[in-house]
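Written out below as structure tokens is the structure these notes cover.
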Amino acid sequence: MLDQMTLYPVADDELLAPGGRVMIRTYGVGSAAADSGATLGVSYRTWVTGVRDQPRYWSWGHFEDARRGHRMVVEWLTGRGPRPGPAQAA
């Protein structure tokens, strides 16, 4: 299945917390068919691992939303902003 998907990196951050390392990764996921000229959409996600021993993710509709969302997640994790929209527990 992964060989049929293309990942488009948007942003990566790493935070060091008392409980260990927290990774924040935002990327777009598209079908490999999109590379062949098909017009398929790309979905964007921000994944957070290392928080409360449970990965969490947020979904975004567009590239710019994903960039802003990534920054909002980092600000939330560092205590400088509110928690962004509804997160999904994975």
Side-chain angles (χ1 to χ4, degrees):
M1 183 71 154
L2 285 177
D3 60 337
Q4 298 173 0
M5 296 175 9
T6 302
L7 296 179
Y8 304 97
V10 175
D12 283 329
D13 279 296
E14 177 180 353
L15 302 174
L16 297 177
R21 182 172 74 169
V22 176
M23 299 296 299
I24 305 104
R25 290 195 166 109
T26 300
Y27 54 87
V29 179
S31 170
D35 293 338
S36 65
T39 56
L40 299 175
V42 175
S43 62
Y44 295 91
R45 291 193 175 86
T46 298
W47 278 92
V48 176
T49 56
V51 175
R52 297 183 195 119
D53 299 326
Q54 183 177 24
R56 298 181 178 272
Y57 73 91
W58 285 259
S59 296
W60 316 106
H62 303 283
F63 177 80
E64 288 300 322
D65 295 335
R67 284 183 358 121
R68 281 190 294 273
H70 180 91
R71 182 58 38 209
M72 290 180 350
V73 170
V74 170
E75 289 177 359
W76 168 62
L77 290 169
T78 58
R80 294 181 287 176
R83 180 179 175 170
Q88 305 296 318

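- Remark: Asp12 pairs with Arg25 by the side-chain contact (heavy atoms from CB on, under 4.5 Å) rule, at least two apart or across chains.
- Phe63 CZ to Thr26 OG1: the interatomic distance, rounded to the nearest 0.5 Å, is 10.0 Å.
- In this structure, the side chains of Thr49 and Val22 stay at 4.5 Å or more apart for every pair of heavy atoms.
- Between Trp58 and Val48, the closest side-chain pair of non-hydrogen atoms falls below 4.5 Å.
- Tyr8 and Ile24 fall within a single hydrophobic cluster, where Ile, Leu, Val, Met, Phe, Trp and Tyr are joined by side-chain heavy atoms under 4.5 Å apart, directly or via other members.
- Residue Ala66 comes nearest to Tyr44 through the heavy atom pair CB-CB, 3.7 Å, listed as atom of the first residue, atom of the second, then distance.
- Within the model, atoms CG of Leu15 and CZ of Arg21 stand 11.0 Å from one another, a figure rounded to the nearest 0.5 Å.
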Counting only pairs under 3.5 Å, give me each side-chain donor-acceptor contact of residues 74-81, with atom names and distances, residues two or more places apart or in other chains.
from	atom 1	to	atom 2	distance (Å)
Thr78	OG1	Val74	O	3.0
Thr78	OG1	Glu75	O	3.2
Thr78	OG1	Arg80	NE	3.0
Thr78	OG1	Arg80	NH2	3.3

As a quick check of understanding, evaluate side chain to side chain contact (heavy atoms under 4.5 Å, CB included) for Arg71 and Asp13, giving each step before the final call. CA-CA 10 Å; Arg71 182 58 38 209; Asp13 279 296; 3.9 Å; yes
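- A continuous path of hydrophobic side-chain contacts links Trp47 to Leu7 [ILVMFWY only; heavy atoms under 4.5 Å].
- Within the 4.5 Å cutoff, side-chain heavy atoms of Trp60 are placed close to those of Thr46.
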